Amino acid sequence: MLHAMSEKTENPDSQTSLLRPVDTEVKRMARILLRSARHGALAVLRPGDGHPAASRVLVATDFLGRPLLLMSDLTLHARALAADCRCSLLVGATGKGDPLTHPRLTVFGMASAIAAGDAQRPALRERFLARHPKSALYADFGDFHFVRLEPQSASLNGGFGRAFELGRAEFIDSPADELEATAMRARDDMNADHGDAIDRIAINAGHVGHGWRIATLDRLGFEILRGDALRRVEFSSDAAAPGGFGSAFADLATEEA
């Protein structure tokens, strides 16, 4: 029955007609869904028989917005990726009502393990633990390693009747190596000396409570953390523009709720 149904519905033209144009707001939604995710469902191909297998994983992102995972070599998904690096990652939180009315993003790509001696590992480790501090208990165990997903495309479902296909460049930032070190300094300065401004920015963005801290930062926005709550806040302009992160934060702090 399932095979018969798929034969009737597999029409490339009808599938394409369901997709809506990708605009600036759609790109922003995709960034927020991925970069604010605390966990997701990782789909891999099971070694031996190629059967699809899904696992829940903790999620962070690197400075460009690429998914960053931490996994044990003992898990099925780690063994699967070692045999075939193709995978997909589903992120998106549900709320009240029908779960299918809430937006979700599936990222398709290739996974690569970060070697223990890789020069990028310390910075990636710091970003991951800034999102998931409890993972410090096991992140350096011998059987654990970080994995970065190199996205190729993504499928965004914004709710009923709102389907989009995104290319990599529509939700992953272009390289800007000189900005990453600056971003770390800006984050540390904000957390150390401008806690009130962070809370004000959080309130302006619709996130209640006090005591927010910046966990991770990129050129287009940042993630704030308070207890188990992780939220994405977008800058009004690219921090690569003149004025940099200082101007980007100042603009948000002076906005009215």
Side-chain angles (χ1 to χ4, degrees), residues 20-38 59-68 91-93 95 102-105 107 123 126-127 130-131 151 154 156 158-159 162 164 166-226 229-257:
R20 300 179 63 175
V22 175
D23 58 18
T24 300
E25 185 55 34
V26 171
K27 296 175 187 178
R28 181 176 182 273
M29 185 190 304
R31 283 198 307 269
I32 292 174
L33 284 169
L34 180 56
R35 301 182 195 194
S36 65
R38 297 186 68 243
V59 178
T61 52
D62 70 3
F63 188 69
L64 302 185
R66 295 172 294 187
L68 182 63
V91 295
H102 296 277
R104 59 269 191 195
L105 180 78
V107 178
E126 200 281 339
R127 282 189 72 92
R131 299 269 201 102
L156 171 61
R162 301 188 65 206
F164 309 88
L166 291 85
R168 172 193 167 90
E170 292 176 309
F171 66 104
I172 300 298
D173 299 341
S174 57
D177 295 338
E178 70 282 358
L179 275 180
E180 188 162 2
T182 304
M184 291 287 289
R185 293 193 295 271
R187 182 203 65 175
D188 293 345
D189 177 67
M190 288 292 293
N191 284 335
D193 300 324
H194 303 285
D196 290 345
I198 297 173
D199 282 344
R200 187 160 59 252
I201 290 170
I203 292 171
N204 289 345
H207 309 309
V208 299
H210 297 275
W212 292 96
R213 292 178 60 81
I214 298 174
T216 43
L217 177 65
D218 57 64
R219 62 190 293 174
L220 297 178
F222 54 99
E223 289 70 46
I224 51 176
L225 185 69
R226 179 175 177 266
L230 183 73
R231 301 289 184 266
R232 170 82 176 173
V233 179
E234 293 259 299
F235 290 134
S236 56
S237 61
D238 191 332
F245 289 104
S247 293
F249 278 118
D251 290 343
L252 289 179
T254 55
E255 288 180 358
E256 293 185 2

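Since this is a predicted model, take the numbers as computed values, not measurements.
- Using modelled atom types and a 3.5 Å distance limit, the side chains of Thr61 and Arg131 yield a donor-acceptor pair.
- The minimum heavy-atom distance between Ala229 and Trp212, with the atom names listed, is O-CZ3, 3.8 Å.
- From Thr254, atom OG1 reaches atom CZ of Phe249 across 13.0 Å, with rounding to the nearest 0.5 Å.
- Remark: Asp23 CG to Glu170 CD distance equals 10.0 Å, nearest 0.5 Å.
- The closest side-chain heavy-atom distance from His207 to Ile201 is not below 4.5 Å.
- Minimum heavy-atom separation, Gly158 to Pro103: CA-CB, 3.9 Å.
- Here the shortest heavy-atom pairing between Gly65 and Ile172 reads O-CD1, 3.4 Å.
- The salt bridge (Lys or Arg N to Asp or Glu O under 4.0 Å) analysis of residues 187-203, with sequence neighbours excluded, yields the pairs Glu126-Arg187.
- How far CG of Leu156 is from CZ of Arg20: 10.5 Å, rounded to the nearest 0.5 Å.
- When all heavy atoms are compared, the tightest approach of Leu230 to Leu225 is CD1-CD1, 3.9 Å.
- When all heavy atoms of Leu33 and Gly92 are compared, the pair lying nearest together is CD2-CA, 4.2 Å.
- In this structure, CD1 in Ile198 is found 11.5 Å from CG in Leu252, a value given to the nearest 0.5 Å.
- In plain terms, the two heavy atoms of Leu105 and Ala30 that are nearest each other are CD2-O, 3.7 Å.
- Annotation: the span from Lys27 atom NZ to Leu220 atom CG amounts to 11.0 Å, rounded to 0.5 Å.
- To the nearest 0.5 Å, atoms CZ (Arg231) and OG (Ser36) are separated by 8.0 Å.
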Can you list, pair by pair, the side-chain donor-acceptor contacts under 3.5 Å of residues 233-247, counting residues two or more places apart and other chains?
| residue | atom | partner | partner atom | Å |
| --- | --- | --- | --- | --- |
| Glu234 | OE1 | Arg31 | NE | 3.3 |
| Glu234 | OE1 | Arg31 | NH2 | 2.4 |
| Glu234 | OE2 | Arg31 | NE | 3.3 |
| Glu234 | OE2 | Arg232 | NE | 2.9 |
| Glu234 | OE2 | Arg232 | NH2 | 2.9 |
| Asp238 | OD1 | Arg219 | NE | 3.1 |
| Asp238 | OD1 | Ala240 | N | 2.8 |
| Asp238 | OD2 | Arg219 | NE | 3.1 |
| Asp238 | OD2 | Arg219 | NH2 | 3.0 |
| Ser247 | OG | Gly243 | O | 3.4 |

Legend entry - Candidate pair Val107 and Phe171, rule side-chain contact (heavy atoms from CB on, under 4.5 Å), full reasoning: CA-CA 10 Å; Val107 178; Phe171 66 104; 4.1 Å; yes
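- Of the possible polar contacts, none joining the Asn191 side chain to the Arg213 backbone as a donor-acceptor pair under 3.5 Å is found.
- Here Arg226 pairs with nothing under the salt bridge (Lys or Arg N to Asp or Glu O under 4.0 Å) rule; sequence neighbours left out.
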